[in-house]
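Scope of the values below: all heavy atoms of this structure, side chains included, with no hydrogens, waters or symmetry mates. Reminder, nothing fancy here: chain letters follow the sequence lines and each chain counts from 1.
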2 protein chains.
Amino acid sequence: MSGTNVTIKDIARKLGVSPSTVSRALKDHPEISPKTKKVVTELANLLGYKPNEIALSLRSKKTKVIGLIIPEIVHHFFSSVISGIEEIAIEEGYNVMIFQSNESYTREVLNTQGLYANRVDGLLVSLAKETKNYEHFRNLQKHEVPIVFFDRICEGLKTDRVIVDDYGGAFEAVEHLIHSGYKKILHLSGSRDLLIGRNRINGYKDALEDNGLQVDENLVVPCDNYETALQITGDIIDMHPGVDAIFAVNDFTAIGAMKAVKKKGRKVPDDIAIMGFTNGISATLTDPTLSSVDQHGTEVGKEATRLLLKRLKEGELTEDHTPQTRVVRTDLVVRESTTRK
Amino acid sequence: MSGTNVTIKDIARKLGVSPSTVSRALKDHPEISPKTKKVVTELANLLGYKPNEIALSLRSKKTKVIGLIIPEIVHHFFSSVISGIEEIAIEEGYNVMIFQSNESYTREVLNTQGLYANRVDGLLVSLAKETKNYEHFRNLQKHEVPIVFFDRICEGLKTDRVIVDDYGGAFEAVEHLIHSGYKKILHLSGSRDLLIGRNRINGYKDALEDNGLQVDENLVVPCDNYETALQITGDIIDMHPGVDAIFAVNDFTAIGAMKAVKKKGRKVPDDIAIMGFTNGISATLTDPTLSSVDQHGTEVGKEATRLLLKRLKEGELTEDHTPQTRVVRTDLVVRESTTRK
DNA sequence: TTGAAAGCGCTAACAT
DNA sequence: ATGTTAGCGCTTTCAA
């Protein structure tokens with residue numbers, strides 16, 4: 001950004017017309033003579049004129065920028081969400097400003113302030129784990145900035161939401177295990193504090209019951225990461241000898257469990273089947289490859305962006321509508337870890 | 001963004017003072033009376049006043065935004081680069097606007113246009129694979145937008161650069177294999193069209209020669225992804241029976257090779273050692289875990305941002321300096337795949 | 001068909 | 001110590 005930038009004034013001066021004429025000519029205004037239009041556009045091209053979005057924003061009070069607050073980019077699910085967001089945003093002429101909360105509440109508050117200062121038109125958010133207080137979002141809402149939460153949604157706030165069908169995904173995954181002949185299924189679960197953790201547990205339980213199997217609370221063990229899974233899975237299968245399948249709350253946990261099982265000399269999937277949740281790249285890299293539940297991160301991002309842009313368009317015309325919640329369906333991806341030869 | 005936003009004018013009106021007084025009071029200008037300052041800041045806080053960055057940008061011709069063009073976010077190296085960039089940028093009061101090229105030249109050109117329209121203060125770029133023509137970047141330079149390339153740098157342009165020490169990383173990795181007793185080392189290589197591919201090949205060769213081993217060109221096989229590695233590695237080790245180690249151009253390729261080797265019934269690392277490059281999360285998930293060369297993505301991002309911000313500060317004071325190139329050192333991370341028991 | 005003027009929110013000379 | 005004015009780049013009434 002510098003003195004070398006061409007403005008409408010520059011073009012006007014060189015052509016001996018007024019800035020307003022140039023402005024109108026450039027937008028193909030009907031009341032400008034074809035001749036003027038031609039001269040103006042030609043010179044504009046020659047000089048490489050590009051409208052200054054900053055000036056446009058100041059006038060229109062629209063920045064054509066949407067803000068994104070995300071816990072961590074270095075995570076396959078979230079980075080695929082970003083790709084989805086970008087795709088839709090760019091189609092509609094919006095740009096995306098991304099902030100990471102790094103799972104920190106303080107950082108998240110700073111992020112909202114930064115995004116407000118930059119007057120983003122709307123906001124997409126997946127909550128930091130730490131966040132319990134939603135005042136910073138309520139503030140944005142006071143300023144009429146529409147917010148759409150996705151995945152880690154905010155239950156205390158009236159906003160649009162996009163969530164993954166965690167219950168359905170878990171249900172389908174566990175049912176697949178049962179139909180494949182596995183009977184005693186361990187669930188390495190997420191936190192019951194998180195909605196997604198509870199939903200997956202419920203999907204697991206209902207799948208068992210719907211298929212005439214009994215739920216054993218001892219087989220629901222909180223464990224949501226690779227290291228812990230690697231440490232404790234061996235002991236758990238010793239304690240519960242009949243376990244013939246493991247359903248983990250995410251891929252990394254599943255992979256930790258897989259390694260622990262192999263270390264015990266048990267075969268995957270012949271002795272014990274393993275099922276993940278996320279369907280990140282890692283699922284294809286393990287040996288055996290990991291069956292998993294695809295969360296369609298890209299679709300989540302797209303849907304959230306569509307909702308937000310819809311809200312932005314409506315905002316100009318109508319009253320507040322009631323918040324919407326969209327559920328993105330999951331897909332079971334069966335690979336080697338649940339397929340007995 | 002809406003009518004509910006508080007401006008300096010609003011505060012001025014309510015206090016019966018002029019906007020400039022408010023502006024000065026808010027920035028703790030020495031010529032404003034302490035009393036006025038107090039009243040102004042208090043009301044500002046009460047009303048939740050936040051300066052409109054858009055207006056500031058228009059005036060100062062500085063947006064405090066840096067643009068980022070990256071091939072793909074869904075890639076561990078790049079997402080860790082982003083984290084590094086954000087960290088430094090935020091420290092210095094800058095925000096980041098991220099665009100993905102998706103490896104497409106056309107997209108990259110659009111990205112630069114979007115970033116220019118938004119008058120970013122500077123640009124960080126890692127090139128799309130397709131890109132051979134650099135006119136779009138030259139255009140930005142004409143407008144005095146500083147650019148720093150990282151990792152996939154642009155050799156045809158005078159800019160600052162941050163690169164990974166691919167040569168050194170490859171050298172160290174291969175030397176580690178040799179010192180561990182491996183003698184016939186296959187290299188699954190990157191493209192010789194890419195600088196990083198060539199550098200890693202050279203590191204591989206020099207490590208062999210420096211340790212008194214002969215370079216066999218047949219043992220340098222272009223193969224830079226999981227699927228191909230999985231397909232061809234088996235045949236390669238059949239054709240070259242003595243191969244006792246594989247050095248792959250990236251982790252995914254290494255993991256594909258590892259799986260192929262295991263499928264042949266050969267033990268990793270006892271029969272054949274495997275070494276990756278990247279040190280992404282996947283390296284810790286395989287069985288056995290994968291030795292790899294850490295590229296320090298975060299550090300690359302930080303360094304690139306530091307260079308850019310330095311340039312932005314200098315720009316105000318001095319003439320063009322000669323472009324700088326910074327090399328980020330790699331680190332060898334030894335895990336099970338190269339450690340004979 | 002075109003131009004002049006005002007204003008988006010802010011700041012910084014230049015008054016006073 | 002504070003107010004007035006002009007201007008960043010653009011658009012849009014209103015006037016000609």
*Asks:* B:Ser101 and B:Ile69: which non-hydrogen atoms are nearest, and at how many Å?
*Replies:* CB-CG2, 4.2 Å
*Asks:* Can you find a heavy atom in the side chain of B:Asn95 that is under 4.5 Å from one in the side chain of B:Lys64?
*Replies:* no
*Asks:* Can you see whether B:Ser23 engages B:Ser20 through a side-chain donor-acceptor pair at a distance of less than 3.5 angstrom?
*Replies:* no
*Asks:* Strictly below 4.0 Å, heavy-atom distances to any atom of DNA chain C: list the hits from residues 38-51 of chain A, or just say none.
*Replies:* none
*Asks:* Tell me what B:Ser20 touches on the nucleic acid: a base, only sugar-phosphate, or nothing, going by heavy atoms under 4.0 Å.
*Replies:* base
*Asks:* Per the atom types in the model, does the base of D:dG3 pair as donor or acceptor with the side chain of B:Arg24 at under 3.5 Å?
*Replies:* yes
*Asks:* Name the residue from A:Gln324, A:Arg311, A:Arg306 that meets the side-chain hydrogen bond (donor to acceptor under 3.5 Å, both in side chains) definition with A:Asp160.
*Replies:* A:Arg311
*Asks:* Quick one: which residue pairs count as a salt bridge (Lys or Arg N to Asp or Glu O under 4.0 Å) with a foot in residues 89-109 of chain B, not counting sequence neighbours?
*Replies:* B:Glu92-B:Lys313, B:Glu103-B:Arg152
*Asks:* Looking at A:Tyr116, is B:Lys50 sitting on its ring face, NZ or CZ under 6.0 Å from the six-membered ring centre and within 45 degrees of the normal?
*Replies:* no
*Asks:* So which one's nearest nucleotide on DNA chain D is more toward 5', B:His29 or B:Ala55?
*Replies:* B:His29
*Asks:* Nearest heavy-atom pair of B:Ile66 and B:Thr305: which atoms, and what distance?
*Replies:* CD1-CG2, 4.0 Å
*Asks:* What is the distance from CD of B:Glu31 to P of C:dA12, rounded to the nearest Å?
*Replies:* 13 Å
*Asks:* Map B:Pro30 and A:Lys27 onto DNA chain D by nearest heavy atom, then report which one ends up closer to the 5' terminus.
*Replies:* B:Pro30
*Asks:* Provide, to the nearest angstrom, the distance between the CG atom belonging to A:Asn5 and the P atom belonging to D:dG9.
*Replies:* 8 Å
*Asks:* List in numerical order all residues of residues 11-18 of chain B for which some heavy atom is under 4.0 Å away from an atom belonging to DNA chain C.
*Replies:* none
*Asks:* Is the gap between the ring centers of A:Tyr105 and A:His136 under 6.0 Å?
*Replies:* yes
*Asks:* Determine whether a donor-acceptor pair (one donor, one acceptor, N or O, separation below 3.5 Å) exists between the side chain of B:Ser60 and the base of C:dT11.
*Replies:* no
